[in-house]
Amino acid sequence: MNPMRERLGGLLNGTGAFLRCDRGGALYVTNLPSRCEQWRGLAQAMRAAGFRVEERGALLAVAPDGAWRTRFERWAAARCGESELTRLFRQGAAQSVCDEETRAWLEGIKRLELRQGLGDYEMTVRQAAAVALRKRCGGALYACGLCLDMLREGIVC
């Protein structure tokens, strides 16, 4: 289990709320507001733990902030070998992060959790890298590369 799901699962423990991969722009979605009267306090605890939380009617959409990316990278690097592309991405890990690479990273995590396999994810990562090169960012490409490597190796989280 990846560290983000583990942390959120701990916060939701005992509430009866589900935590599922989001089909939209967030990483996870939960029905916490309909399952727990103190949901606002738990949503604040999620924010304090480094997650962005957005209300969507009876659901909450949850996405990690940049600090979670670094934790994810450490977690993933311990589980898979790095390809040459991923090693190249590691060199730019200190750069700023653009939206395209964040979306690619979240898509990679979702593919890992949902066991969707590699599919066209490599093309998604390469397109995000091209945009990052133009925008002079690239700080999340290493995390994308690690997702790519894990998918290639058949590792799930």
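Counting from 1, the numbers follow the sequence of the chain as shown.
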Checklist entry - More than 12 heavy atoms of other residues, nucleotides or ligands under 6.0 Å from CZ of Arg7: is that the case? => result no

Checklist entry - Is a side-chain N or O of Trp68 found less than 3.5 angstrom from the main chain of Ala63, in a donor-acceptor match? => result no

Checklist entry - So, for Ile155 and Cys80, which heavy atoms are closest and what is the spacing to 0.1 Å? => result CD1-CB, 3.7 Å

Next on the checklist: Is the shortest side-chain heavy-atom distance between Thr70 and Arg74 below 4.5 Å?
Outcome noted: yes

Checklist entry - Taking C-beta and beyond as the side chain, do Gln116 and Cys21 meet within less than 4.5 Å on heavy atoms? => result no

Next on the checklist: Within the structure provided, determine whether Leu8 and Phe51 are in side-chain contact (heavy-atom separation under 4.5 Å).
Outcome noted: yes

Checklist entry - Under a 4.5 Å cut-off applied to non-hydrogen side-chain atoms, are Thr102 and Glu107 in contact? => result no

Next on the checklist: Between Asp120 and Arg111, is the salt bridge (Lys or Arg N to Asp or Glu O under 4.0 Å) condition met? List the steps.
Outcome noted: CA-CA 11 Å; Asp120 62 352; Arg111 284 178 177 271; 2.7 Å; yes

Item to check | Lys/Arg-Asp/Glu bridge criterion (N-O < 4.0 Å) met for Arg71, Glu6 | outcome: no

Checklist entry - Got a donor-acceptor contact below 3.5 angstrom from the Arg5 side chain to the Leu19 backbone? => result yes

Checklist outcome for this item: Closest heavy-atom pair, Arg56 versus Gly25, reported as atoms and distance to 0.1 Å, is NH2-N, 4.2 Å

Checklist entry - Hey, any chance Met46 and Tyr28 share a hydrophobic cluster, counting ILVMFWY side chains that come within less than 4.5 Å of each other, even indirectly? => result yes

Checklist entry - Side chain of Glu101, backbone of Ala129: donor and acceptor closer than 3.5 Å? => result no

Item to check | Salt bridge Glu73-Arg69, side-chain N to carboxylate O under 4.0 Å | outcome: yes

Item to check | Heavy-atom check, side chain of Val97 versus side chain of Trp105, under 4.5 Å | outcome: no

Next on the checklist: Would a single hydrophobic cluster contain both Trp75 and Leu148, if residues Ile, Leu, Val, Met, Phe, Trp and Tyr are joined by side-chain heavy-atom contacts under 4.5 Å?
Outcome noted: yes

Checklist outcome for this item: Rounded to the nearest 0.5 angstrom, the CG-OG1 distance for Leu32 and Thr15 is 5.5 Å

Checklist entry - Hey, are Asp149 and Arg79 close enough for a salt bridge, meaning a charged N less than 4.0 Å from a carboxylate O? => result no

Checklist entry - Are any of the side-chain heavy atoms of Glu55 and Arg40 separated by less than 4.5 Å? => result yes

Next on the checklist: If only side-chain N and O atoms count, and only distance matters, is there a donor-acceptor pair under 3.5 Å linking Tyr142 with Gln95?
Outcome noted: no

Checklist entry - Do Arg90 and Leu141 touch side chain to side chain, with heavy atoms closer than 4.5 Å? => result no

Checklist entry - With no hydrogens and no angle check, is any side-chain donor or acceptor of Glu113 less than 3.5 Å from a backbone partner on Val156? => result no

Next on the checklist: Nearest 0.5 Å, please: how far is CH2 in Trp39 from CG in Leu42?
Outcome noted: 10.5 Å

Next on the checklist: Looking at Lys110 and Arg23, would you say the former's side chain and the latter's main chain have a donor-acceptor pair under 3.5 Å?
Outcome noted: no

Item to check | Ala58 versus Pro33, closest heavy-atom pair with distance | outcome: O-CD, 3.5 Å

Checklist entry - Which heavy-atom pair separates Ile109 from Cys147 by the least distance, and what is that distance? => result N-SG, 3.9 Å

Checklist entry - Honestly curious: do Leu11 and Leu27 fall in one hydrophobic cluster under the side-chain, below-4.5 Å linking rule? => result yes

Item to check | Leu12 with Leu59, same ILVMFWY side-chain cluster at under 4.5 Å | outcome: no

Checklist entry - Is any side-chain heavy atom of Thr86 less than 4.5 Å from a side-chain heavy atom of Leu146? => result yes

Item to check | Nearest atoms (heavy-atom pairs only) where Arg52 meets Pro64 | outcome: NH1-O, 3.0 Å

Item to check | CZ (Arg20) with more than 12 external heavy atoms under 6.0 Å | outcome: no

Checklist entry - Say you draw a straight line from OG of Ser96 to NZ of Lys135; how long is it, rounded to the nearest 0.5 Å? => result 10.0 Å

Next on the checklist: Looking at every non-hydrogen atom in both residues, tell me the closest pair between Arg35 and Ala17 and how far apart they are.
Outcome noted: CG-CA, 3.9 Å

Checklist entry - Given the rule that I, L, V, M, F, W and Y join up when any side-chain heavy atoms are under 4.5 Å apart, are Leu118 and Leu106 in one cluster? => result yes

